[in-house]
Amino acid sequence: MGTTIQKIVIGSVLGVSSLLMTQTASASELKKCSTAPIVVTLKNVGKVSYYAQDCAKAWNTQDIRLDFYYTRDIPEWAFKKAATHFLEKNISGFSSKSPLNQITALYRPVKSGDLYSIGYQMQNQKLDLVLNNKPLGSITDPHANDYFKIWFGAAPFNAKLKQQLLN
């Protein structure tokens, strides 16, 4: 029994190490393009950094990632409500059946000092959500990068934030 537990622990450690190395390898290909404050109702709640393979290329044509570092506590319902609202505003025909809702459902509350990362890999059309370097989940879908329309769409969460990140 002790050997079985050791094998499970070793397998889990190797699996997590492999996942972290994969994330690190893909993250090393991305360049930090910009950082901007996250302002909600005139309060600075943190900062977001935009990473891309090529900062001069359009966000929706490449692998990208947004890292959100929070300096205030935020409840999960606020993330879910805002994500749903801006997906509805930016994606025509968006509905509760959209695979993008699987990512929205994964949000958890954050405390000051927490880091959310949302990354998209173009080759496999995969969108990942990570909280404090712990994967919460992912989807693979031809329209997975549409999730970034929350921040980069025609009606973004904050137009000034969009401009600061993409310029």
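Numbers here are sequence positions counted from 1.
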How would you list all residue pairs meeting disulfide (SG to SG under 2.5 Å) that involve residues 59-158, not counting sequence neighbours? none

Assigning hydrophobic clusters by single linkage (Ile, Leu, Val, Met, Phe, Trp, Tyr; side-chain heavy-atom cutoff under 4.5 Å), is Y51 placed with I64? no

Contact list for residues 106-119, test salt bridge (Lys or Arg N to Asp or Glu O under 4.0 Å), sequence neighbours left out: none

Within residues 86-120 or reaching into it, pairs that qualify as disulfide (SG to SG under 2.5 Å) - sequence neighbours excluded: none

Review item, side-chain donor-acceptor pairs of residues 159-167, under 3.5 Å, at least two apart:
| residue | atom | partner | partner atom | Å |
| --- | --- | --- | --- | --- |
| K162 | NZ | F152 | O | 3.3 |
| K162 | NZ | G153 | O | 3.0 |
| N167 | ND2 | Q163 | O | 3.3 |

Pair W151 and F68, ring centroids less than 6.0 Å apart: yes

Who are the side chain to side chain contact (heavy atoms under 4.5 Å, CB included) partners of T140, not counting sequence neighbours? K126

List, one per line, each side-chain donor-acceptor pair under 3.5 Å for residues 77-89, sequence neighbours excluded.
| residue | atom | partner | partner atom | Å |
| --- | --- | --- | --- | --- |
| K80 | NZ | E76 | OE2 | 2.7 |
| T84 | OG1 | K80 | O | 2.9 |

Parallel, tilted or perpendicular, judged at 30° and 60°: which one describes the rings of F148 and Y120? perpendicular

Partner set under side chain to side chain donor-acceptor pair (under 3.5 Å) for S138, not counting sequence neighbours: none

Linked hydrophobic residues, Y69 as query - side chain contacts closer than 4.5 Å: L115

Residue pairs involving residues 48-93 (criterion disulfide (SG to SG under 2.5 Å); sequence neighbours excluded): C33-C55

Checking I103 now: which residues fulfil side chain to side chain contact (heavy atoms under 4.5 Å, CB included) with it, not counting sequence neighbours? L106, L127, L129, I139, Y147

Contact list for residues 141-151, test salt bridge (Lys or Arg N to Asp or Glu O under 4.0 Å), sequence neighbours left out: D146-K149

Name each donor-acceptor pair under 3.5 Å that joins a side chain in residues 35-49 to protein atoms two or more places apart or in another chain, with its distance.
| residue | atom | partner | partner atom | Å |
| --- | --- | --- | --- | --- |
| T35 | OG1 | S49 | OG | 2.7 |
| N44 | OD1 | G46 | N | 2.9 |

